[in-house]
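For reference, the structure discussed in these notes is given below.
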2 protein chains.
Amino acid sequence: MDKTKQKKLAAAGFRTGDAKDFLGLTDEEAAFVELKLALADFMRDVRVEHGWTQTHVARLIGSSQSRVAKMEAADASVSIDLLVKSLLALGATRKQVGQVISRAA
Amino acid sequence: MDKTKQKKLAAAGFRTGDAKDFLGLTDEEAAFVELKLALADFMRDVRVEHGWTQTHVARLIGSSQSRVAKMEAADASVSIDLLVKSLLALGATRKQVGQVISRAA
DNA sequence: GACGCATATGTCGTATCTGACATATCGTGT
DNA sequence: ACACGATATGTCAGATACGACATATGCGTC
């Protein structure tokens, strides 16, 4: 597993290296986490491409800078609902969201 | 708006015909609801194609029949997280989920 | 190395989602 | 008309996600 992904999975609430994950992380769970990471990355891409700060994005979507940071980090406390709603609020289309999810890691 | 979609939007917690919706339902909100409806429909398709009852699906995903019914109805109380997790647990792939979301209504 | 700005992390009270249960409605066979 | 399996709807206590705030870390510029 490459280091970047490992770091992100860790941030998402899964620690690589302890027994539970290697033994118990099912295919669905892995797919779910990667799907969430893809949305989080896309969220950051959209923001950076517009040259926006996290604080500005927070204003646009009616949230706070800290939550935006957690969204981009795919923190365990952020839902896919929030990511999708936020992306749509930032101007992404439903089609784009679907494509981001479809794309293989 | 066709009657079927109208009924579903209503079930999803939006009542057509009152002022708030026609005045205040933004494009993002509409896109979000339709995205959720697409997942709900897909959930039903997967179940029916396998010839499963809602009770059986509930067992497979560790939930209850009533929640499965609400998922398929895109009830306001079900999250996209739950829909996606459930679909993955039923054997749908991340790619399929993305395609369902991408597809236009 | 102090300042300013952007991003990350921790915590908290409240709001929303969850599975479960009860119960209602539908559909179909007898 | 009745029974019965499947699906829908209402409700609730506990679980989880939310925005907000405080604070920490990074990172250029002076």
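Sequence lines set the chain letters: A, B, ... in the order given, protein chains first and strands last, and positions in each chain run from 1.
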Over how many whole Å does the gap from A/L82 atom CG to C/dT16 atom P extend? 13 Å

Rounded to whole angstroms, how far apart are CG on B/D81 and P on C/dT18? 7 Å

When we call it a touch if two heavy atoms are under 4.0 Å apart, what does B/S79 touch: a base, just sugar-phosphate, or nothing? sugar-phosphate

Heavy-atom nearest nucleotide on DNA chain C taken for B/V78 and for A/R67; more 5' hit belongs to A/R67

NA contact type, A/T53, heavy-atom cut-off 4.0 Å: base, sugar-phosphate, or nothing? sugar-phosphate

Gap between atom CE of A/M43 and atom CG of A/L90 - 0.5 Å precision: 5.0 Å

Strictly below 4.0 Å, N to O, side chains only: are B/E72 and B/R47 in salt-bridge contact? yes

Between B/K85 and B/E72, who's closer to the 5' end of DNA chain D by nearest nucleotide? B/E72

Round to a whole Å and report the spacing from CE of B/M71 to P of C/dA20. 11 Å

Under-4.0 Å salt bridge between B/K85 and A/E28: no

Is there a donor-acceptor contact under 3.5 Å from the side chain of A/D81 to the main chain of B/I80? yes

Taking N and O atoms by type only, does the side chain of B/Q65 place a donor or acceptor under 3.5 Å from a partner on the base of D/dA6? no

Over all strands shown, is B/V68 touching base, sugar-phosphate only, or nothing at heavy-atom distances under 4.0 angstrom? nothing

Looking at D/dT11, does its base get a donor-acceptor pair with the side chain of B/K70 below 3.5 Å? yes

Would you say A/K36's side chain and A/V78's backbone share a donor-acceptor pair under 3.5 angstrom? yes

Heavy atoms from C-beta onward define the side chain here; which of D/dT9, C/dT7, C/dT18 lies closest to that of B/S66? D/dT9

Between D/dA8 and B/Q54, is there an OP1 or OP2 to side-chain N/O distance shorter than 4.0 Å? yes

Return the nearest nucleotide to the side chain of A/A69; candidates are D/dG19, D/dT7, C/dT9. C/dT9

Under 4.0 Å: is that the gap between some side-chain N or O of A/R44 and OP1 or OP2 of C/dA6? no

Residue closer to the 5' end of DNA chain D, B/R47 versus A/I80 (nearest nucleotide): B/R47

Identify which nucleotide among D/dC18, D/dA20, C/dG19 has an atom closest to any side-chain atom of A/S64, counting heavy atoms from C-beta outward. D/dA20

By the 4.0 Å heavy-atom rule, please label A/S63 as base, sugar-phosphate, or nothing. sugar-phosphate

